[in-house]
Enquirer: 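After the structure tokens below, expect a handful of questions from me.
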Amino acid sequence: MSSSTVGQVIKCKAAVSWEAGKPLVIEEVEVAPPQAGEVRLKILYTSLCHTDVYFWEAKGQTPLFPRIFGHEAGGIVESVGEGVTHLKPGDHALPVFTGECGECPHCKSEESNMCDLLRINTDRGVMIHDSQTRFSIKGQPIYHFVGTSTFSEYTVVHAGCVAKVNPAAPLDKICVLSCGICTGLGATINVAKPKPGSSVAIFGLGAVGLAAAEGARISGASRIIGVDLVSSRFEEAKKFGVNEFVNPKDHDKPVQEVIAAMTNGGVDRAVECTGSIQAMISAFECVHDGWGVAVLVGVPNKDDAFKTHPVNFLNERTLKGTFYGNYKPRTDLPSVVEKYMNGVSFNID
């Protein structure tokens, strides 16, 4: 990392999406220096999240192209813009698709991580500071994605969306904490809060669901029931603490009834990680009356709505939602990394 690049435009390679659903093209892009309140990162590792694919396909979303996708990544700070004090060149960092300005009512509340300034905005393709892009090819602006755009060797991110982490932590492993793992893990640990010895149902056994199951295992839940339409996922899920499995397709009654029968009236907690409306209804209706809590994590289609009978609430069931596992990126992510370094297994190796 050379100080000669500070304040200069950097030319580097990036995977550019020129139009919806078309293969990404490796291009030479120009990455402008960070402006006030921004950070330029050298991205060392990036993974692929399903959300990148959704917006690349742009079937149900507002198309915005050309664009550089990617938001689950780890890197090193190359330079910082004016006014940035919590980061310096050489720091190891995770860019995050949501942020923490530290000043707004959400950031000042212990109960929220939904920063007014920096919460996720999938439609914005420019930087907040000046409504311009920091990427260009031969003078043509290339749009950003959720403020991160990590499918590039260098990227510029708002400083409030960058968590400084322990430099001893392996970036190739902890990069997945910047999105899916924290989303699922926090949904269970921070929101569902299962008690030791309790039962938890996890709907959807993709990366987020597996992280939610891991959260249940770390919390000491004794019965962790995985629910998925793909039975081949069940074997992998055992590594994350799942010890019982239900495939709704194997039953001729609603899966919430199957789970209620298995658990003497319902599970103590349920975490829904699919975005399917039917799964959301099932997750809520499968928790035990009197104390059951269901947590919604999956993102539905924008026109979706679901119905459930109000008596399900009157019988003392609770329905909650979560965003990014209720973690504040700058405040909380470093300690999640420390847990991993101190031997709490998140199974991300």
Enquirer: Closest approach of V156 and P34, non-hydrogen atoms and distance?
Expert: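 Reported closest heavy-atom pair: CG1-CA, 4.1 Å.
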Enquirer: Are any of the side-chain heavy atoms of T155 and V31 separated by less than 4.5 Å?
Expert: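 Not touching, per the 4.5 Å side-chain cut-off.
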Enquirer: Would you call E285-R317 a salt bridge at under 4.0 Å N-O?
Expert: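 Here E285 does not pair with R317 in a salt bridge, since their nearest N and O are not under 4.0 Å apart.
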Enquirer: Are E153 and K42 ion-paired here, with the side-chain N under 4.0 Å from a carboxylate O?
Expert: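 Salt bridge flag = no for K42 with E153.
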Enquirer: When you compare the side chains of S282 and Q256, does any donor N or O come within less than 3.5 Å of an acceptor on the partner?
Expert: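 There is such a pair between these side chains.
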Enquirer: If hydrophobic clusters are built from ILVMFWY residues whose side chains come within less than 4.5 Å, do V200 and F203 share one?
Expert: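 Each belongs to a different hydrophobic cluster.
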Enquirer: May I ask you to decide if V293's main-chain N or O and T318's side chain share a donor-acceptor pair within less than 3.5 Å?
Expert: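 Side chain of T318 to backbone of V293, a donor-acceptor pair under 3.5 Å: no, none is there.
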Enquirer: Should F313 and T308 count as side-chain neighbours, where that means a heavy-atom distance under 4.5 Å?
Expert: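 F313 vs T308: side chains touch.
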Enquirer: Between H106 and S112, do the side chains contain a donor N or O and an acceptor N or O under 3.5 Å apart?
Expert: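 Side-chain D/A pair, S112 to H106: present.
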Enquirer: So which heavy atom on V162 is nearest to which on V157, and how close?
Expert: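 For V162 and V157, the tightest heavy-atom pair comes out as CG2-CG1, 3.8 Å.
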Enquirer: side-chain contact (heavy atoms from CB on, under 4.5 Å) for C161 and T98? Distances and angles first, verdict last.
Expert: CA-CA 6 Å; C161 300; T98 186; over 6 Å; no
Enquirer: Are L94 and Y340 connected in the hydrophobic side-chain network, where two residues link if heavy atoms are under 4.5 Å apart?
Expert: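 L94 clusters together with Y340.
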Enquirer: Strictly by modelled atom types, are T150 and E72 linked by a side-chain donor-acceptor pair under 3.5 Å?
Expert: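 T150 vs E72: no donor-acceptor pair found between side chains.
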Enquirer: Provide the closest heavy-atom pair for S198 versus D268 in the form atom of the first, atom of the second, distance.
Expert: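 Taking every non-hydrogen atom into account, CB-OD2, 3.2 Å.
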Enquirer: Do the side chain of E235 and the main chain of K238 share a donor and acceptor less than 3.5 angstrom apart?
Expert: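 No; judged by distance alone, with no hydrogens or angles, the pair does not exist.
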Enquirer: With no hydrogens and no angle check, is any side-chain donor or acceptor of D332 less than 3.5 Å from a backbone partner on P329?
Expert: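 The answer is no, because no donor-acceptor pair under 3.5 Å joins these two groups.
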Enquirer: Show your working on side chain to side chain donor-acceptor pair (under 3.5 Å) between N113 and E100 and close with a plain yes or no.
Expert: CA-CA 7 Å; N113 65 342; E100 187 181 347; over 6 Å; no
Enquirer: Looking at S276 and A279, would you say the former's side chain and the latter's main chain have a donor-acceptor pair under 3.5 Å?
Expert: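 It does hold such a pair.
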Enquirer: According to a hydrophobic-cluster definition based on side-chain heavy atoms being under 4.5 Å apart (Ile, Leu, Val, Met, Phe, Trp, Tyr only), do I174 and L44 belong together?
Expert: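 They do share one cluster, since a chain of ILVMFWY contacts under 4.5 Å joins I174 to L44.
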Enquirer: Is there a donor-acceptor pair closer than 3.5 Å between any side-chain N or O of K328 and the backbone N or O of C107?
Expert: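 Side chain of K328 to backbone of C107, a donor-acceptor pair under 3.5 Å: yes, one is there.
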Enquirer: Using 30° and 60° as the class limits, which term best fits the ring planes of H288 and W291: parallel, tilted or perpendicular?
Expert: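 Parallel, since the angle between the ring planes stays under 30°.
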Enquirer: Just wondering, more than 12 heavy atoms not from N342 lying within 6.0 Å of its CG?
Expert: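 It does: N342 CG has more than 12 such atoms within range.
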Enquirer: What I'd like to find out is whether the side chain of L333 reaches to under 4.5 Å of the side chain of V96, using heavy atoms alone.
Expert: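 L333 vs V96: side chains touch.
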Enquirer: Do D130 and Q35 have side-chain N/O donor and acceptor atoms under 3.5 Å apart?
Expert: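 No.
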Enquirer: Can you check salt bridge (charged side-chain N to carboxylate O under 4.0 Å, His left out) on R134 and E38, steps first, answer last?
Expert: CA-CA 11 Å; R134 300 288 172 264; E38 298 172 359; 2.8 Å; yes
Enquirer: Hey, is the main chain of P105 close enough, under 3.5 Å, to the side chain of S109 for a donor-acceptor pair?
Expert: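 Flag not set: sc S109 to bb P105 has no pair under 3.5 Å.
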Enquirer: Determine, using the 4.5 Å side-chain heavy-atom cutoff (strictly less than), whether Y45 and M341 are members of one ILVMFWY cluster.
Expert: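 Yes, Y45 connects to M341 through the hydrophobic network.
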Enquirer: Could you go through F151 and F69, starting from their C-alpha distance and side-chain angles, then the distance that decides it, and tell me whether this counts as ring-ring contact (aromatic ring centres under 6.0 Å, His included)?
Expert: CA-CA 6 Å; F151 293 171; F69 288 106; 7.3 Å; no
Enquirer: Compare all side-chain heavy atoms of H251 with those of V246 and state whether any distance is below 4.5 angstrom.
Expert: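 Yes, side chains in contact.
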Enquirer: For a side-chain contact (heavy atoms from CB on, under 4.5 Å) check, start with the C-alpha distance between E30 and K138, then their side-chain angles and the critical distance, and finish with the verdict.
Expert: CA-CA 8 Å; E30 296 190 343; K138 299 188 178 94; over 6 Å; no
Enquirer: Answer yes or no: does atom OH of Y143 have more than 12 heavy-atom neighbours from other residues, nucleotides or ligands under 6.0 Å?
Expert: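 Atom OH in Y143 is not crowded, with 12 or fewer foreign heavy atoms closer than 6.0 Å.
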Enquirer: Of the non-hydrogen atoms in D91 and L87, which two are nearest, and what is the gap between them?
Expert: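 Closest pair (atom of D91, atom of L87, distance): OD2-CA, 3.4 Å.
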Enquirer: With side chains defined as the heavy atoms from C-beta onward, is the minimum distance between L48 and V53 less than 4.5 Å?
Expert: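 In contact.
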Enquirer: So, the side chain of E214 versus the backbone of A216: is there a donor-acceptor pair under 3.5 Å, distance only?
Expert: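 Absent.
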Enquirer: I'd like to know if R40 pairs up with E78 as an ion pair, taking the criterion as any Lys NZ or Arg NE/NH1/NH2 lying under 4.0 Å from an Asp or Glu carboxylate oxygen.
Expert: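 Salt bridge between R40 and E78, a charged N being under 4.0 Å from a carboxylate O: yes.
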Enquirer: Could you verify whether a donor N or O on one side chain and an acceptor N or O on the other, from S17 and E19, lie under 3.5 Å apart?
Expert: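 No donor-acceptor contact under 3.5 Å links the two side chains.
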Enquirer: Aromatic rings H144 and F135: how do their planes relate, parallel, tilted or perpendicular, breaks at 30° and 60°?
Expert: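 It falls in the tilted class, 30° to 60°.
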Enquirer: V258, L205: one ILVMFWY side-chain cluster at the under-4.5 Å cut-off?
Expert: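 Unlinked, V258 and L205 end up in two clusters.
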Enquirer: Please give me the minimum heavy-atom distance between C104 and C115, naming the atom from each residue.
Expert: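 Residues C104 and C115, closest heavy atoms: SG-CA, 3.8 Å.
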Enquirer: Would you say the side chain of I225 lies within less than 4.5 Å of the side chain of V242, judging by non-hydrogen atoms?
Expert: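 No, their side chains stay 4.5 Å or more apart.
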Enquirer: Using side-chain heavy atoms (C-beta onward) and a distance below 4.5 Å, is W18 in contact with I142?
Expert: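 Sidechains of I142 and W18: in contact.
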Enquirer: Answer yes when E236 and R233 have at least one side-chain N-carboxylate O distance shorter than 4.0 Å, and no when they do not.
Expert: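 No, no charged N to carboxylate O under 4.0 Å.
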Enquirer: Whether the side chain of D304 engages the backbone of P300 through a donor-acceptor N/O pair (distance < 3.5 Å, no angle test) should be reported.
Expert: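 Judged by distance alone, no pair lies under 3.5 Å.
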Enquirer: Applying the ring-ring contact (aromatic ring centres under 6.0 Å, His included) criterion to F145, which one of F55, F97, W56, F65 satisfies it?
Expert: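 Result: among F55, F97, W56, F65, F55 is the only option passing the ring-ring contact (aromatic ring centres under 6.0 Å, His included) with F145.
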Enquirer: Quick one: does C179's side chain get under 4.5 Å of H71's, heavy atoms only?
Expert: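 The answer is yes, as the side chains (C-beta and beyond) meet within the 4.5 Å cut-off.
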Enquirer: G197 and S222: which non-hydrogen atoms are nearest, and at how many Å?
Expert: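 For G197 versus S222, the nearest heavy atoms are O-OG, 2.9 Å.
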